[in-house]
K.L.:
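First, the structure itself, so that you have it in front of you.
Order of the sequence lines sets the chain letters (A, B, ...), proteins ahead of strands, with each chain counted from 1. Predicted model only: the values in this text are computed from it and were never measured.
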2 protein chains.
Amino acid sequence: MAPHFNGPAGTFLQRLNVLADLPADLSTALHDLVANSRCLGANHDIVLQGDQPSQCCVILEGWVSRNKVGAAGKRQITSLHFSGATPDIQSLLHPVMDHNITTLTKTKVGFIPHSHMRSLMERFPVLKEAFWKDTSLELAIAREWEVNLGARSAVERTAHLFCEIATRLEWFGRATRSGSALSFEMPLTQIQLGEATGLSSVHINRSMRTLRASGMIEQTRHWFTISDLPKLAAFADFNPDYLIPERPQD
Amino acid sequence: MAPHFNGPAGTFLQRLNVLADLPADLSTALHDLVANSRCLGANHDIVLQGDQPSQCCVILEGWVSRNKVGAAGKRQITSLHFSGATPDIQSLLHPVMDHNITTLTKTKVGFIPHSHMRSLMERFPVLKEAFWKDTSLELAIAREWEVNLGARSAVERTAHLFCEIATRLEWFGRATRSGSALSFEMPLTQIQLGEATGLSSVHINRSMRTLRASGMIEQTRHWFTISDLPKLAAFADFNPDYLIPERPQD
DNA sequence: TGCATAATACAACAATTGATAAGAGCGCTC
DNA sequence: GAGCGCTCTTATCAATTGTTGTATTATGCA
């Protein structure tokens, strides 16, 4: 176990260590860099399209989305990020943001100046590879979202999103299994779920009612139980292979 | 001008040089690696989901798609690639393919063994950065496609795809401007356009009829003219900023 | 605790898109 | 150059999803 996996930046280091084998002194350096943090409410923009950030954010707690807002005001969420993520790392490569990064829940965010990140990458080239791998994983997830948005019905889309969320949460110890059932907290509102699946919130509501009626999910407020994950996965055509690069070793 | 930009691997080197500043000896080495090539017909799979490639492909001529086929047999194209692209470079990072790479037209493909690519990256770390940037650009395009699939009407989606294709082609000298009009060859069938936009081919046909009737595009077979690009872009909510990392210097 | 705000549930109707079918045009192969 | 297959076009009808509106229930804050 590398050092500092339990500090506020613990999940951040845990994720990076899955993507590449970081030497201990790099972990320590990264850990020290995110000492400062801010707490934000839900639906708060961290970075806006058009911004030119001079630092990278690290999600320490809470859920965050990338999203773009169209001319007609319709918002599309293009990805979800939990604690440990560095969603604007690409600002090191492309100075101008092409999308917004917005909190979905109350969130704790740390920041690392670009200059520090760059010099760390000079000293530890493996860090560059870890972030390239992170970008590549994100691209695989984005591809699956394209399939979800373009090739699945409303109920399938909703079910697929729940499967992905449950799987990613479980891998980081944030879902509990009992038999083939999986329980977890899913704090998104139906409006946010609609923005992620390209559906109206009313239709998300209909789809969730269908999934509940079929017995595939149980739910009280934001606590979900997928009663039979293999069954829901089969229904949603969910194959977790595209997520595997993120999976921590057991 | 770096050497060898005019050989069969010319567009490949041109694209990479946009993404990072490659030294001349690296360009030469890359150029020599893609000496061998194969010609394939349309709708031919280059790599399949589940494969574990031991080499990377370089598109030398023709159009190629990434795509996934769902349980019900419905295919979703998740990205389009022209000559110069290296669509399975991520197999260096993640051994198992999570999607198919399939030709859309007659295509000429070169191959570079992973081992050679890896040793080149050791010698020239800047190459790693160029490919990271390439992955990051692809992610930006995938995000915009998610918006297209999830948040735009059928006609807007179709128009947006044409705007993106026209812009990318023009940047590599494959579209000709006259005034605010832009002409180019677009060899995709309506079925393929449907797979890229998540629409049925019949509805693609309807959407194109609408665009022709409105005067925003003219078309005979596979030759397209966007009569007034700013107007079509405004209609489709197309903002080319997300593509800019790929734009060659004038 | 109570009030204001936000989220959920659900119904009725409208709009968009998909499915099916059938004819016409084009290009490729033998 | 004749035939075959694929693509394009168009129409009709069906299915899915969006919109609007209104209760109802939670939640956060004073």
K.L.:
What is the distance, rounded to the nearest whole Å, between atom CZ of B:R209 and atom P of C:dT17?
P.N.:
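Interatomic distance, CZ of B:R209 to P of C:dT17: 14 Å.
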
K.L.:
What bend angle does the helix from C:dT1-D:dA30 to C:dC30-D:dG1 show across its length, from five-pair end axes and to the nearest 10 degrees?
P.N.:
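The angle separating the two end axes equals 60°.
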
K.L.:
Please identify each residue that fulfils salt bridge (Lys or Arg N to Asp or Glu O under 4.0 Å) with A:E164, with sequence neighbours left out.
P.N.:
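Testing A:E164 for salt bridge (Lys or Arg N to Asp or Glu O under 4.0 Å), a comparison that skips the adjacent residues, returns A:R168.
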
K.L.:
Starting at CE of B:M208 and ending at P of D:dT10, how long is that distance when rounded to a whole Å?
P.N.:
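Going from B:M208 (CE) to D:dT10 (P), I get 11 Å.
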
K.L.:
Can you pull every protein N or O that's under 3.5 Å from an N or O on nucleotides 4-6 of chain C?
P.N.:
none

K.L.:
Do B:Q190 and B:N205 have side-chain N/O donor and acceptor atoms under 3.5 Å apart?
P.N.:
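Yes, a side-chain donor-acceptor pair sits under 3.5 Å.
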
K.L.:
Calculate the interatomic distance between B:H222 atom NE2 and D:dC6 atom P; express it in whole Å.
P.N.:
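In whole Å, D:dC6 P lies 15 Å from B:H222 NE2.
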
K.L.:
Using a cut-off of 4.0 Å between protein heavy atoms and nucleotide atoms, how would you tag nucleotides 25-30 of chain C 5' to 3' with B, S and -?
P.N.:
------

K.L.:
Which residues in residues 211-219 of chain B have at least one heavy atom lying under 4.0 Å from any atom of DNA chain C?
P.N.:
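When residues 211-219 of chain B is checked for heavy atoms under 4.0 Å from DNA chain C, there are no hits whatsoever.
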
K.L.:
What pairs of residues pass the side-chain hydrogen bond (donor to acceptor under 3.5 Å, both in side chains) test when at least one of them lies in residues 69-79 of chain A, not counting sequence neighbours?
P.N.:
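Sorted result for residues 69-79 of chain A: A:R66-A:S79, A:N67-A:R75, A:S79-A:H81.
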
K.L.:
Nearest whole angstrom, please: distance from the C1' of D:dT27 to the CD of A:Q190.
P.N.:
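Taking atom C1' of D:dT27 as the reference, CD of A:Q190 is at 15 Å.
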
K.L.:
Output, in order, the C-alpha distance, side-chain angles, deciding distance and verdict of side chain to side chain donor-acceptor pair (under 3.5 Å) for A:R174 and A:S83.
P.N.:
CA-CA 11 Å; A:R174 296 171 55 189; A:S83 37; 3.3 Å; yes

K.L.:
List for me each residue that meets side chain to side chain donor-acceptor pair (under 3.5 Å) alongside A:R157, sequence neighbours excluded, and say none if there are none.
P.N.:
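Counting only residues at least two positions away or on another chain, A:R157 forms no side chain to side chain donor-acceptor pair (under 3.5 Å).
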
K.L.:
Calculate the interatomic distance between A:E156 atom CD and D:dT16 atom P; express it in whole Å.
P.N.:
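Whole-Å distance recorded here is 11 Å.
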
K.L.:
Identify, with sequence neighbours excluded, every residue that meets side chain to side chain contact (heavy atoms under 4.5 Å, CB included) alongside A:S227.
P.N.:
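A:S227: side chain to side chain contact (heavy atoms under 4.5 Å, CB included) contacts with A:E218.
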
K.L.:
Which residues satisfy the salt bridge (Lys or Arg N to Asp or Glu O under 4.0 Å) test with A:D237, sequence neighbours excluded?
P.N.:
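With sequence neighbours excluded, A:D237 shows a salt bridge (Lys or Arg N to Asp or Glu O under 4.0 Å) to A:R152, given in chain and number order.
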
K.L.:
Side-chain donor-acceptor pairs under 3.5 Å in residues 33-46 of chain A, sequence neighbours left out?
P.N.:
unit_1, atom_1, unit_2, atom_2, d
A:N43, OD1, A:Q192, NE2, 3.3
A:D45, OD1, A:T102, OG1, 2.8

K.L.:
Is a donor on one side and an acceptor on the other found under 3.5 Å between the side chain of B:D88 and the backbone of B:C56?
P.N.:
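Not confirmed, B:D88 side chain does not pair with B:C56 backbone.
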
K.L.:
Mind listing the residues from residues 193-206 of chain A sitting with a heavy atom below 4.0 Å of DNA chain D? Number order is fine.
P.N.:
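Of all residues in residues 193-206 of chain A, the ones placing a heavy atom under 4.0 Å from DNA chain D are A:G198, A:L199, A:S200, A:V202, A:H203, A:R206.
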
K.L.:
For B:R212, give me all partners under side chain to side chain contact (heavy atoms under 4.5 Å, CB included), at least two apart in sequence or on another chain.
P.N.:
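With neighbours one apart ignored, the set is B:M208, B:R209, B:I217, B:Q219.
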
K.L.:
Could you walk me through whether B:H160 and B:E144 pass the side chain to side chain donor-acceptor pair (under 3.5 Å) test, one step at a time?
P.N.:
CA-CA 10 Å; B:H160 192 281; B:E144 190 60 44; 3.2 Å; yes

K.L.:
Rounded to the nearest Å, what distance is computed from the CG atom of residue B:L149 to the C1' atom of nucleotide C:dT17?
P.N.:
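The distance from CG of B:L149 to C1' of C:dT17 comes to 14 Å, rounded to the nearest Å.
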
K.L.:
Is there a donor-acceptor contact under 3.5 Å from the side chain of A:T107 to the main chain of A:T105?
P.N.:
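Yes, the answer is positive, given that a donor and an acceptor are paired below the 3.5 Å cut-off.
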
K.L.:
Between the side chain of A:D51 and the main-chain N/O of A:P53, is any donor-acceptor distance below 3.5 Å?
P.N.:
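No, the answer is negative, given that no donor and acceptor are paired below the 3.5 Å cut-off.
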
K.L.:
What's the CH2-P distance between A:W223 and D:dT27, to the nearest Å?
P.N.:
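Value for this atom pair: 13 Å.
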
K.L.:
Side chains of A:L232 and A:F238, heavy atoms from C-beta outward: is any pair under 4.5 Å?
P.N.:
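A side-chain contact is absent here, since even the closest heavy-atom pair is not under 4.5 Å.
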
K.L.:
Does A:H203 offer a backbone N or O that forms a donor-acceptor pair with the side chain of A:S200 under 3.5 Å?
P.N.:
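Answer holds: yes.
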
K.L.:
Report yes if the distance between the aromatic ring centroids of B:F82 and B:F172 is under 6.0 Å, otherwise no.
P.N.:
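Aromatic pair excluded; centres sit 6.0 Å or further apart.
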
